[in-house]
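The structure appears right after this line, and notes come after that.
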Amino acid sequence: MGFTGQDIVVGYDDTTASMAAVHWAADLARSTQSGLHLVHAWTWPLLGQGVTGLPVLDPTGPRNQAMRLLDDAAERIALRYPEVTVTAELLQGMPREALEEISERTDLLVVGTRGLGAVMGTLLGSVSRGILHDVGCPVAVIRSDQHRAGPVLAAYDGSEAAGEAIDEAADLAAAWHAVLRVVHVRSGAHAPSAGSAELWSAGSRSRGVLEEGAARAAARHEGLEVQARMIEDRTVAEGMLEAATGARMMVIGHRGLSRGGFGSTAHAIVLHATGNVTVVRPASRE
């Protein structure tokens, strides 16, 4: 078990945000002996008019420009990370559909914040919500490639998606030789209507969930340092965002015990986190 030898795909469009994602992914690939694959979504433009007055397709110039953009990035990364095998691929189609399609045949999709620019769409808008809803692999949303200290943080609520998040977080922590901190948030724990017996019961259940998550993480990699932390806050999102201060990576499930494809808690965390976040779906598609 572990991250070693997996395939890492990065969405790239020559912006500062996407280059930060590329550098982060290259560093992870070097640590895990994984391959790095840069992709860029591209659509055929309509240029000029034919003899009938109808637009004609002339993709040569823009396509070549997009390919040069990818090749230049791949060459720069290969020079900086000679241990990493770097490849590049130009994907035809709209960004959301292109990234969803390639996510079905990779192990980790890495994207930068602020949308992947004018070409790839707005990440933290409708495109991002669609990608995170339908993607077929974990998605790492990278805000900075410079933060390389602190623990890996994993949210756990006992759900299937949270269990997958624990596994992914344990793999990352083991690859980085970092501490893994498993967190369970009790939201609304101090509700005025709750009696002492009810609060004690809720607290006991929460402790059981937290212990289960920590045990799963410890069993994933021998020698991994696992810390367990209970947090009480108004909402799960607020509790996790506060707990993430100083973390190298926060790993969450695409949804917890609530219904729906991409939960409101996960969306709030991705939208408001100041650090890097990985969103994990269960391996079996719904």
Sequence neighbours left out, what passes side chain to side chain contact (heavy atoms under 4.5 Å, CB included) with Ser144? Give chain and number order. Gln146

Rounded to the nearest 0.5 angstrom, the CD1-CD distance for Ile269 and Glu238 is 10.5 Å

Which class fits the ring pair His23 and Tyr81: parallel under 30°, tilted 30 to 60°, perpendicular over 60°? tilted

Heavy-atom closest pair (Ile231 atom, Val183 atom, distance to 0.1 Å) is CD1-CG1, 3.5 Å

What do the steps show when you test Asp167 against Arg216 for side-chain contact (heavy atoms from CB on, under 4.5 Å), and what is the final call? CA-CA 8 Å; Asp167 294 344; Arg216 177 167 179 160; 2.7 Å; yes

Could you go through the side-chain contact (heavy atoms from CB on, under 4.5 Å) check for Val251 and Val152 one step at a time? CA-CA 8 Å; Val251 185; Val152 175; 4.2 Å; yes

Within a reach of under 6.0 Å around CD of Glu89, are more than 12 heavy atoms found that belong to other residues, nucleotides or ligands? yes

Looking at every heavy atom in both Pro138 and Thr278, which two are closest together, and how far apart are they? CB-CG2, 4.2 Å

According to a hydrophobic-cluster definition based on side-chain heavy atoms being under 4.5 Å apart (Ile, Leu, Val, Met, Phe, Trp, Tyr only), do Val179 and Leu28 belong together? no

Apply side-chain contact (heavy atoms from CB on, under 4.5 Å) to the pair Ile77 and Glu75, showing each step before the final yes or no. CA-CA 5 Å; Ile77 292 300; Glu75 289 176 7; over 6 Å; no

Write down the atom of Val209, the atom of Asp157, and the distance for their closest heavy-atom approach. CG1-C, 3.6 Å

Does a side-chain heavy-atom distance below 4.5 Å link Val22 with Arg76? no

For the backbone of Ser103 and the side chain of Thr106, can you confirm whether one donor and one acceptor N or O come within less than 3.5 Å of each other? no

Heavy atoms from other residues, nucleotides or ligands near CD of Glu222 exceed 12 (cutoff 6.0 Å): no

Quick check on side-chain hydrogen bond (donor to acceptor under 3.5 Å, both in side chains): which of Glu211, Glu212, His184 does Tyr156 satisfy it with? Glu212

Are there more than 12 heavy atoms of other residues, nucleotides or ligands under 6.0 Å from atom CZ of Arg234? no

Once rounded to the nearest 0.5 Å, what's the spacing between atom CG of Leu172 and atom CG of Leu108? 7.5 Å

Just verifying a value: how many Å separate Met249 CE and Ile142 CD1, rounded to the nearest 0.5 Å? 4.0 Å

In Å and rounded to the nearest 0.5 Å, what is the OG1 to CD1 distance from Thr265 to Ile252? 8.5 Å

For Gln6, does its backbone N or O pair with a side-chain atom of Ser34 as donor and acceptor, under 3.5 Å? yes

Hey, does the side chain of His40 reach the backbone of Tyr12 with a donor-acceptor pair shorter than 3.5 angstrom? yes

Test item: side-chain donor near acceptor, Ser18 and Asp13, under 3.5 Å: yes

Could you tell me if the side chain of Ile102 sits less than 4.5 Å from the side chain of His37, heavy atoms only? yes

Just verifying a value: how many Å separate Ser159 OG and Glu164 CD, rounded to the nearest 0.5 Å? 10.0 Å

Between Ala25 and Val110, which heavy-atom pair has the shortest distance, and what is it? CB-CG2, 4.1 Å

Could you go through the side-chain contact (heavy atoms from CB on, under 4.5 Å) check for Leu180 and Glu225 one step at a time? CA-CA 6 Å; Leu180 174 60; Glu225 182 180 349; over 6 Å; no

Quick one: do Asp27 and Arg30 make a salt bridge, cutoff under 4.0 Å? yes

Looking only at heavy atoms, which two atoms of Ala214 and Ala228 are closest? And how far apart? CB-CB, 4.1 Å

When rounded to the nearest 0.5 angstrom, what is the spacing between CG in Asn276 and CG in Leu153? 12.5 Å

Could you check whether any side-chain heavy atom of Glu242 comes within less than 4.5 Å of a side-chain heavy atom of Asp233, counting everything from C-beta outward? yes

Looking only at atom types and distance, does a side-chain atom of Arg143 sit under 3.5 Å from a main-chain N or O of Ala17, one as donor and one as acceptor? no

Any side-chain heavy atom of His267 sitting closer than 4.5 Å to one from Val270? no

Got a sec, which residues hit side chain to side chain donor-acceptor pair (under 3.5 Å) with Arg248, two or more places apart in sequence or on another chain? none

Would you say Asp107's side chain and Asp7's backbone share a donor-acceptor pair under 3.5 angstrom? yes

Smallest heavy-atom separation, Val84 atom then Ala29 atom, equals CG1-CB, 3.9 Å

